[in-house]
Amino acid sequence: MKKFEAFTGVAAPMPAQNIDTDKIIPARFLKTIQRAGLGKSVFNDQRYNDDGSEKAGFVLNQDAYRKSEILVVGDNFGCGSSREHAPWALTDYGIKTIIGTDFADIFFNNSFKNGMLLIKLPKEIVDELMDDAQKGANARLTVDLETQEITRPNGEVVRFDVDPFRKHCLLNGLDDIGLTMEKRSDIDSFEGKDGQSRPWAPSIAAE
Amino acid sequence: MASPRTLFDKIWQNHLVATQEDGTCLIYIDLHLVHEVTSPQAFEGLRAAGRGLRRPDKTLAVADHNVPTINRTGRIENDESRIQIETLEKNVKDFGVPYYGIDDIRQGIVHIIGPEQGLTQPGMTVVCGDSHTATHGAFGGLAFGIGTSEVEHVMATQTLIQRPAKNMRVTVNGKPPLGTTAKDFILAIIGKVGTAGGTGHVIEFAGEAIRDLSMEGRMTVCNMAIEAGARAGMVAPDETTYEYLKGRPHAPKGAAWEAALTYWKTLPSDDGAAYDKEIVLDAAEIIPFVTWGTSPQDALPITGVVPDPASISDEGVRAAVERSIEYMDLKAGQKLTDIKVDIVFVGSCTNGRIEDIRAAAAVAKGRKVADGVRALIVPGSGLVKEPAEQEGLDQILLDAGFEWREPGCSMCLAMNDDKLRPGERSASTSNRNFEGRQGPGGRTHLVSPAMAAAAAITGHLADVRDFLT
């Protein structure tokens, strides 16, 4: 995974509540067997007409927002399906950070595992950042995970909280599996004990 | 004395492999279910790192999302669907993963076949790259959906890195009126708490009305816990659970059954256990529900009307309601029973079990599907389809003008040939009414199987109680 570095970028406002993962990437785009390439289909049904032309009203189709790297979103962004295709599509498009009041749990987890930083802030602060985002390319935000700070276009600094373990993994580009593999002896001993206390736990033979 | 613990607390503690100083935990996974949509990139990741599955014997794969529900003998015409299924078949072979092929009678929707085989048991941790994994919590286990990175993590290590969830209890007291089913309970609950009401929590469903449900009904309720924002829903195991499990292929047998039973009986929440959030409903007040909008929280009793945005003070909520009414092509104040439907779909991991098909057939018996309505019945697995046919349910439904299909996810999510066309409207027993969920431009009203059958017969959303008197 790529290390998360501080950056300054355009933030696109998406104030609607409950933007679900079917909206972020409709199910018919889940037929891929790869991770890359979903960026062109992110928000497909809101972004394109049936003939493939762009819908002018959609935020990412406006020139000021085409190169957005941040989304400022409404409550409960990412609800619904567990599809990791949602964060894959967003990161493939170029989104590095999403800011909102709260996020659906599975989407939140999936995003961090793909190097994307999700920031939860109180509603009044999200509202202010949403106002910044409405100003488009003239109002870039700076996101610094190391210091846990967002710098607004007016220079004001907003502090944010982040789970220390997730921060560590993001800053160092760490792969969870590698970290867990280091705990192999713990897993071995759990399995040993558990095999004795729950010997009936199901085991399936390959056919 | 140890402080009282919830069902969730007990399962969590029984599966802790390691805890970091910051509270992040490594938990052990007892059963990993795999399907064709969220696994290819995980297998690819293993391959790239030269890793294998730590416990293929705790893993079961099946194709369900992409499979056709008619003409199953030939080649799948859609290239992408075929490739995804062929990729799964190659992967299970390469990595030695148990797999139920498309011609195996045990094939079906991943959340239907786990319980059916007795693989889903009380006190277990069950995961799958699918948010409706919550279904398995009906057996008193901890079951939740994960993303593909986590699928790969479980494959390689049989564990997951997690933080403990908070405890939420939803109690449904009393007895429901005639015509009210498990689906109506969960729609009423989501309507009350909202789609983010359970975020960060595991919901334990409790109370007389939940206890009185069959395992099928409990699975329907837990299935949609995710639609209330909770990663997992659960019901404490009891005699109904044990009765369902006994004798199933992977259920413990003989002395092992007795040992398991002793353990399972220690799992229900202790008296006095604390919950971070509590919701209480009275079953007697829940009549059949439908959704009118594009979020599962847009749920109302069938006797209701489409809400009026003008009466909503919160700006964000008003905008969402306006958008939903426009997308759904409805009018504020319109009676829900005046909404005409084009398609009726009975199936999915929410309502694709034998009890659901019986409920639809009971309403359909001796009646006819309304002109201009297409009605599909899609059993959740081969082992749902077979007994349904033995009971003659297929014939009752065929006689009434329903289509009788092969098992799969079908019209729940438009990844196969079964989908709504733009502008078409469905009464559907599935779990999500999001924009485009059943096909681009499609409009979905979520209902119970009996309500779906009533809509098929009348041609509009209808109150199933009119059929039951």
Side-chain angles (χ1 to χ4, degrees), chain A residues 15-18 20 22-23 26-28 30-35 45-46 50 74-76 79-85 87-88 102-107 109-110 113-114 163-165 175-181 183-184 186-187 189-191 194 197-207, chain B residues 17-18 20 22 24 26 28 30-31 37-38 40-41 56-60 66 80-81 83-84 87 96-98 119 121 129-131 145-150 152-153 156-159 161 195-196 199-200 229 231 250 252 256 259-260 263 295 316 319-320 413-415 432 434-437 440:
Chain A
Q17 298 176 349
N18 300 316
D20 57 73
D22 275 80
K23 251 184 209 143
R28 58 189 184 283
L30 271 51
K31 296 187 181 194
T32 174
I33 55 170
Q34 293 166 336
R35 280 182 163 89
D45 293 357
Q46 291 161 291
D50 292 345
D75 305 340
N76 202 29
C79 61
S81 158
S82 63
R83 60 188 67 162
E84 198 159 314
H85 308 69
W88 292 340
D102 66 350
F103 299 91
D105 288 333
I106 304 178
F107 176 77
N109 265 324
N110 285 343
K113 298 201 188 291
N114 288 280
D163 177 286
F165 179 66
D175 158 25
D176 277 356
I177 298 178
L179 290 173
T180 301
M181 285 292 199
K183 295 185 179 145
R184 192 172 307 182
D186 290 332
I187 306 173
S189 75
F190 179 92
E191 279 183 342
D194 190 57
S197 60
R198 294 188 308 150
W200 62 82
S203 169
I204 315 157
E207 290 167 25
Chain B
V17 174
Q20 288 175 199
D22 69 355
T24 307
L26 193 64
Y28 194 76
D30 291 322
L31 176 65
V37 181
T38 55
Q41 295 86 351
D57 64 316
K58 292 181 181 290
T59 313
L60 176 65
N66 276 278
E80 291 171 306
S81 288
I83 289 167
Q84 214 163 44
T87 303
V97 177
L119 286 166
Q121 298 171 13
D130 189 289
S131 61
I146 56 178
T148 298
S149 295
E150 291 176 314
E152 187 181 337
H153 192 279
T157 68
Q158 205 56 36
T159 64
I161 299 170
T195 54
T199 302
R231 279 186 91 170
H250 285 279
Y263 173 79
S295 164
L413 85 169
M415 280 200 71
R432 292 194 174 127
F434 297 155
E435 288 182 23
R437 169 80 179 182

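In what follows, chains carry the letters A, B, and so on, assigned in the order in which the sequence lines appear, proteins first and then strands, with residues in each chain numbered from 1.
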Quiz item: Checking side-chain contact (heavy atoms from CB on, under 4.5 Å) for the pair A/N109/B/R231: CA distance, chi angles, key distance, verdict?
Solution: CA-CA 11 Å; A/N109 265 324; B/R231 279 186 91 170; 2.8 Å; yes

Quiz item: Is there a donor-acceptor contact under 3.5 Å from the side chain of A/E84 to the main chain of B/I146?
Solution: no

Self-check item: Under 4.5 Å from a heavy atom of chain A, the part of B/S149 involved
Solution: both

Quiz item: Top residue by heavy-atom pair count (under 4.5 Å) with chain B, among A/D102, A/D75, A/D163?
Solution: A/D163

Practice problem: Begin from the C-alpha positions of A/N18 and B/S295 and carry the test side chain to side chain donor-acceptor pair (under 3.5 Å) through to its verdict. | Solution: CA-CA 8 Å; A/N18 300 316; B/S295 164; 4.7 Å; no

Exercise. Could you check if a side-chain atom of A/F165 sits within less than 4.5 angstrom of a side-chain atom of B/Q20, using non-hydrogen atoms only?
Key: yes

Quiz item: Do you know which of A/E191, A/R28, A/Q17 has the most heavy-atom pairs with chain B at a distance under 4.5 angstrom?
Solution: A/E191

Practice problem: Return the option, out of B/A319, B/P56, B/A259, with the maximum number of heavy-atom pairs under 4.5 Å with chain A. | Solution: B/A259

Practice problem: Using side-chain hydrogen bond (donor to acceptor under 3.5 Å, both in side chains) as the criterion, list what pairs up with B/K58, not counting sequence neighbours. | Solution: none

Quiz item: How many angstroms lie between atom CD of B/Q158 and atom CD1 of A/I187, to the nearest 0.5 angstrom?
Solution: 9.0 Å

Practice problem: For chain A, find which of B/V97, B/T24, B/L31 contributes the most heavy-atom pairs closer than 4.5 angstrom. | Solution: B/T24

Quiz item: Residues two or more places apart in sequence or in another chain: which of them pass salt bridge (Lys or Arg N to Asp or Glu O under 4.0 Å) with A/D176?
Solution: A/K113

Practice problem: Heavy-atom pairs under 4.5 Å with chain A are the metric here; pick the option from B/S131, B/G129, B/P40, B/G436 that has the most. | Solution: B/S131

Self-check item: Selection from B/T38, B/D130, B/I83 maximising heavy-atom pairs under 4.5 Å formed with chain A
Solution: B/D130

Quiz item: What part of B/Q41 lies closer than 4.5 angstrom to a heavy atom of chain A: side chain, backbone, both or neither?
Solution: both

Exercise. Evaluate the side-chain proximity of B/M415 to A/L30: yes if any heavy-atom separation is below 4.5 Å, no if none is.
Key: yes

Exercise. Flag the pair A/R198 and B/D30 as a salt bridge only when some basic side-chain nitrogen lies within less than 4.0 angstrom of an acidic carboxylate oxygen.
Key: yes

Quiz prompt | Distance in Å, B/L119 CG paired with A/I204 CD1, rounded so as to fall on 0.5 Å steps | solution = 4.5 Å

Practice problem: Nearest 0.5 Å please: distance from the OG atom of A/S197 over to the OH atom of B/Y263. | Solution: 7.0 Å

Practice problem: Compare all side-chain heavy atoms of B/H250 with those of A/S203 and state whether any distance is below 4.5 angstrom. | Solution: no

Self-check item: For chain A, the option from B/I161, B/T87, B/L413 that forms the most heavy-atom pairs under 4.5 Å
Solution: B/I161

Practice problem: Calculate, to the nearest 0.5 Å, the distance between atoms OH and CG belonging to B/Y28 and A/D194 respectively. | Solution: 7.0 Å

Self-check item: Which portion of A/F107 sits near chain B, non-hydrogen atoms under 4.5 angstrom
Solution: neither

Exercise. Check each atom of A/A27 against the heavy atoms of chain B and say whether the ones under 4.5 Å are side chain, backbone, both or neither.
Key: both

Quiz prompt | Check: A/T32 main-chain N/O paired with B/E80 side-chain donor or acceptor under 3.5 Å | solution = no

Quiz item: Side chain, backbone, both or neither: which part of A/D50 has a non-hydrogen atom closer than 4.5 Å to chain B?
Solution: neither

Quiz prompt | Contact origin within B/E152 toward chain A - heavy atom pairs under 4.5 Å | solution = both

Practice problem: Among A/D20, A/D186, A/N110, single out the residue with the greatest number of heavy-atom pairs under 4.5 Å to chain B. | Solution: A/D20

Practice problem: Counting only heavy atoms closer than 4.5 Å, note whether B/T159 contacts chain A via side chain, backbone, both or neither. | Solution: side chain

Quiz prompt | side-chain contact (heavy atoms from CB on, under 4.5 Å) between A/D105 and B/T199, worked out | solution = CA-CA 6 Å; A/D105 288 333; B/T199 302; 3.5 Å; yes

Quiz item: Is there side-chain contact between A/K183 and B/V17, with heavy atoms separated by less than 4.5 Å?
Solution: no

Practice problem: Measure B/L26 against the heavy atoms of chain A and call it side chain, backbone, both or neither at under 4.5 Å. | Solution: side chain

Exercise. Could you check which of B/A256, B/G229, B/A196 has the highest count of heavy-atom pairs closer than 4.5 Å to chain A?
Key: B/A196

Quiz prompt | Contact origin within B/R437 toward chain A - heavy atom pairs under 4.5 Å | solution = both

Quiz item: Which atom pair, heavy atoms only, marks the closest approach of A/K31 to B/S81?
Solution: NZ-OG, 2.9 Å

